[in-house]
Asker: 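First the structure, then my questions, so here it is.
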Amino acid sequence: MKLNVARVFSFAVLGTVTAAFGLACSASGAGSGELIGPATTTAATVPPVAIGSTQTGPSQGRVVFYWKSDGASWEHGTIRAELPGGRIFNGQYLEPATVNQTTVDTWMGWGCDWYSSCFGAYGPGYGTVTQYSGYILARLDDGGQTRMNCRFVLAEPTSGPKKGGQGVCELSTGERIAGAELHGE
């Protein structure tokens, strides 16, 4: 078998350029919510907070979120929350997903598309299927003792937070962020 050096070189350059642009492309966005103070009842009598539920406790002002994906993958990244009074929380977000390897029968046309040929590809092949959860989880802290956990239900799970999402956040102080929303820029 004769190796075409020019062809191998062109694919190597194309792969390097594609990888460089892929790493440089990241998505970012912002969002907001309403900080709600701790409820006046004991924690044992407060039911779990559901997304879109009515919050108890006094309103303490608006919260602003900023998020940025890690490279070309919107499935994870960094998130920042700026609370009233100058409190800043930083952390990470992640969209849980499952990846399954599956067998695909390439003889019957599976795995073939308009730009590649299936000639010579007989019998089963292998591929992966990714199933997105439809929500992202975020864990933030203020650099000290206070933690924040958020869960956002995504408008379009395969697009991540850039297409928007709604959720709720809970702070270790008993405060909550109601009506939390994320959107892309």
Side-chain angles (χ1 to χ4, degrees), residues 18-39 43 46-102 126-185:
T18 303
F21 281 113
L23 293 175
C25 296
S26 64
S28 63
S32 63
E34 185 73 20
L35 182 64
I36 306 296
V46 177
V49 175
I51 293 172
S53 68
T54 305
Q55 302 294 316
T56 59
S59 173
Q60 297 180 353
R62 184 174 176 200
V63 175
V64 178
F65 291 100
Y66 300 98
W67 65 270
K68 183 177 180 184
S69 67
D70 289 340
S73 175
W74 47 260
E75 298 165 343
H76 51 83
T78 58
I79 188 166
R80 176 183 177 99
E82 297 180 359
L83 281 63
R87 294 189 292 169
I88 307 288
F89 287 74
N90 291 296
Q92 303 287 316
Y93 76 83
L94 169 72
E95 180 178 5
T98 57
V99 178
N100 297 313
Q101 185 163 2
T102 184
Y126 295 97
T128 58
V129 176
T130 303
Q131 182 176 351
Y132 298 102
S133 64
Y135 61 89
I136 59 173
L137 302 174
R139 300 220 170 158
L140 304 88
D141 65 52
D142 65 355
Q145 298 295 317
T146 308
R147 296 170 312 283
M148 179 189 305
N149 291 323
C150 302
R151 179 181 166 133
F152 295 92
V153 175
L154 299 171
E156 292 183 24
T158 57
S159 298
K162 70 181 178 180
K163 294 288 185 173
Q166 295 183 336
V168 65
C169 301
E170 297 179 346
L171 283 75
S172 58
T173 59
E175 299 165 293
R176 298 174 189 213
I177 300 173
E181 295 183 343
L182 297 179
H183 53 82
E185 292 186 322

Asker: Do P38 and Q60 make a side-chain contact, defined as non-hydrogen atoms from C-beta onward lying under 4.5 Å apart?
Answerer: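 Heavy-atom side-chain distance check passes, below 4.5 Å.
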Asker: Return the SG to CE distance between C169 and M148, rounded to the nearest 0.5 Å.
Answerer: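 Here the interatomic distance stands at 5.5 Å.
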Asker: Can you see which heavy atom on F89 is nearest to which on D142, and at what distance?
Answerer: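 Nearest pair, atom of F89 first, then D142: CD2-N, 3.5 Å.
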Asker: Can you give each donor-acceptor pair under 3.5 Å made by side-chain atoms of residues 62-69, sequence neighbours left out, with the distance rounded to 0.1 Å?
Answerer:
residue	atom	partner	partner atom	Å
W67	NE1	H183	O	3.1
S69	OG	A27	N	2.8
S69	OG	A27	O	3.3
S69	OG	G71	O	3.3

Asker: Which residue pairs satisfy the salt bridge (Lys or Arg N to Asp or Glu O under 4.0 Å) criterion with at least one member in residues 83-96, sequence neighbours excluded?
Answerer: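 As it turns out, the salt bridge (Lys or Arg N to Asp or Glu O under 4.0 Å) pairs with a partner in residues 83-96, which skip direct neighbours, are R87-E175.
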Asker: Might you point out which heavy atoms bring G143 and D141 nearest each other, and give the distance in Å?
Answerer: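 Minimum heavy-atom separation between G143 and D141: N-OD1, 2.9 Å.
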Asker: State the CD1-CD distance between I177 and E170, to the nearest 0.5 angstrom.
Answerer: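 Between I177 CD1 and E170 CD, I get 10.5 Å after rounding to 0.5 Å.
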Asker: Minimum heavy-atom separation for D70 and T78, please, with both atom names.
Answerer: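 So the minimum-distance heavy-atom pair works out to OD1-N, 4.2 Å.
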Asker: How long is the straight-line distance from CZ of R139 back to SG of C150, given to the nearest 0.5 Å?
Answerer: 10.5 Å
Asker: If you look at every heavy atom in G57 and I36, which pair is closest and at what distance?
Answerer: O-CG2, 3.6 Å
Asker: For I136, which of V153, L94, L154 qualifies under side chain to side chain contact (heavy atoms under 4.5 Å, CB included)?
Answerer: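 Result for side chain to side chain contact (heavy atoms under 4.5 Å, CB included) with I136: L154.
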Asker: Which pair of non-hydrogen atoms, one from I79 and one from F152, has the smallest distance, and what is that distance?
Answerer: CD1-CE1, 4.4 Å
Asker: Could you pull out all residues at least two apart from N90 that satisfy side chain to side chain contact (heavy atoms under 4.5 Å, CB included)?
Answerer: R80, I88
